[in-house]
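Here the structure comes first, spelled out in structure tokens, and everything after it is commentary.
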Amino acid sequence: MDQIKIGRFIAEERKNKGYTQRQLADILGISDKTISKWERGNGFPEISLLLPLCKELEISVNELLTGKRVSEDDYQKKAEENMMNLVREAQESKKKIILSAMVAGLMIIAATPMFIISGALVMETWMRFILIGIGIFIIIFGIAIACILDRDAGAFECPECHERFVPEMRTYIMAPHTLTKRKLHCPKCGSNQYCRHVLTK
């Protein structure tokens, strides 16, 4: 899904209707910053806003996902392409999540012998510290890679307004979390709640 192309299409259709970002935002009951974010390609309308947005701009959901007006002949083809793109995005996100768990696990397994050797064998103290340091570095490196993959897999959905967003890395790392949720600050409604990790943005 090309968010930049979709954003330009939203901006173009909004202007064709004679709406300012503020006017369209008021009709949809959201902020003009959200409209601006869509039009810059930095976000995508949440599911509950797709139909109201399309109705107001007099376009179909298929055209919105395609990022352009679609002729009757191309409609079915584009609908299938859009569905396949959404499925592909979800599959890629799932692979990233699985890969992030594997990377973290492998790095911990790789670091464990360093700790065992440093404690079990007779050696100089400085060598023991080097082995422990290498082990810690491997674990931190593995967790960092896993975090990058996991954060970039899909997005997080606010339980309050259902906005989907990707948090900054520092916020992502520091946030309290469970296996499927992280406590994050929603950029749309401002609530600070446990947001569910979803596979599509």
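No experiment lies behind these values; they were computed from the predicted model shown. All heavy atoms count here, side chains included; hydrogens, waters and symmetry mates do not.
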So, for Met123 and Arg128, which heavy atoms are closest and what is the spacing to 0.1 Å? O-NH2, 3.4 Å
Does a side-chain heavy-atom distance below 4.5 Å link Glu13 with Glu63? no
If Ile, Leu, Val, Met, Phe, Trp and Tyr residues are connected whenever their side-chain heavy atoms lie under 4.5 Å apart, and connections chain through other members, are Ile138 and Ile117 in the same group? yes
Pi-cation contact, Phe44 with Arg164 (under 6.0 Å, within 45°): no
Which heavy atom of Arg69 sits nearest a heavy atom of Leu57, and at what distance? NH2-O, 3.9 Å
Determine, using the 4.5 Å side-chain heavy-atom cutoff (strictly less than), whether Ile140 and Ile134 are members of one ILVMFWY cluster. no
When you group the ILVMFWY residues by side-chain heavy-atom contacts below 4.5 Å and let the links chain together, are Met127 and Met114 in the same group? yes
Hey, what do you get for OG (Ser118) to CD1 (Ile130), rounding to the nearest 0.5 Å? 11.5 Å
Could you check if a side-chain atom of Arg182 sits within less than 4.5 angstrom of a side-chain atom of His197, using non-hydrogen atoms only? no
Can you name the closest pair of heavy atoms from Ile139 and Phe115 and give their distance? CD1-CE1, 3.7 Å
Got a second to check how far Leu51's CG is from Ser60's OG, nearest 0.5 Å? 10.5 Å
Residues Val103 and Gly142: closest non-hydrogen pair is CG1-O, 3.7 Å
Closest contact, heavy atoms only, Arg14 versus Tyr19: NH1-O, 2.9 Å
Taking side chain as C-beta onward, heavy atoms only, is Met107 less than 4.5 Å from Ile143? no
Indicate yes or no: at least one non-hydrogen side-chain atom of Leu49 is less than 4.5 angstrom from one of Thr34. no
Minimum side-chain heavy-atom gap Glu46-Lys188 below 4.5 Å: yes
Distance check, rounded to the nearest 0.5 Å: Leu64 atom CG versus Ile10 atom CD1? 5.0 Å
Side-chain heavy atoms nearer than 4.5 Å, only ILVMFWY residues, links allowed to pass through others: does that put Ile6 and Phe165 together? no
Could you check if a side-chain atom of Cys161 sits within less than 4.5 angstrom of a side-chain atom of Ser191, using non-hydrogen atoms only? no
Report yes if the side chains of Lys183 and Asn192 come closer than 4.5 Å at any heavy-atom pair, otherwise no. yes
Leu24 CG to Trp38 CH2 distance, which is reported to the nearest 0.5 Å: 7.0 Å
Is the closest side-chain heavy-atom distance between Cys186 and Phe156 below 4.5 Å? no
Assess whether a salt bridge exists between Glu56 and Lys17, defined as any Lys/Arg side-chain N lying under 4.0 Å from an Asp/Glu carboxylate O. no
Looking at Arg40 and Ile4, what are the two nearest heavy atoms and their distance? O-CG1, 4.4 Å
To the nearest 0.5 Å, what is the distance between CG on Asp32 and CZ on Arg22? 4.0 Å
Once you round to the nearest 0.5 Å, how far does OH of Tyr172 lie from CD1 of Ile148? 10.0 Å
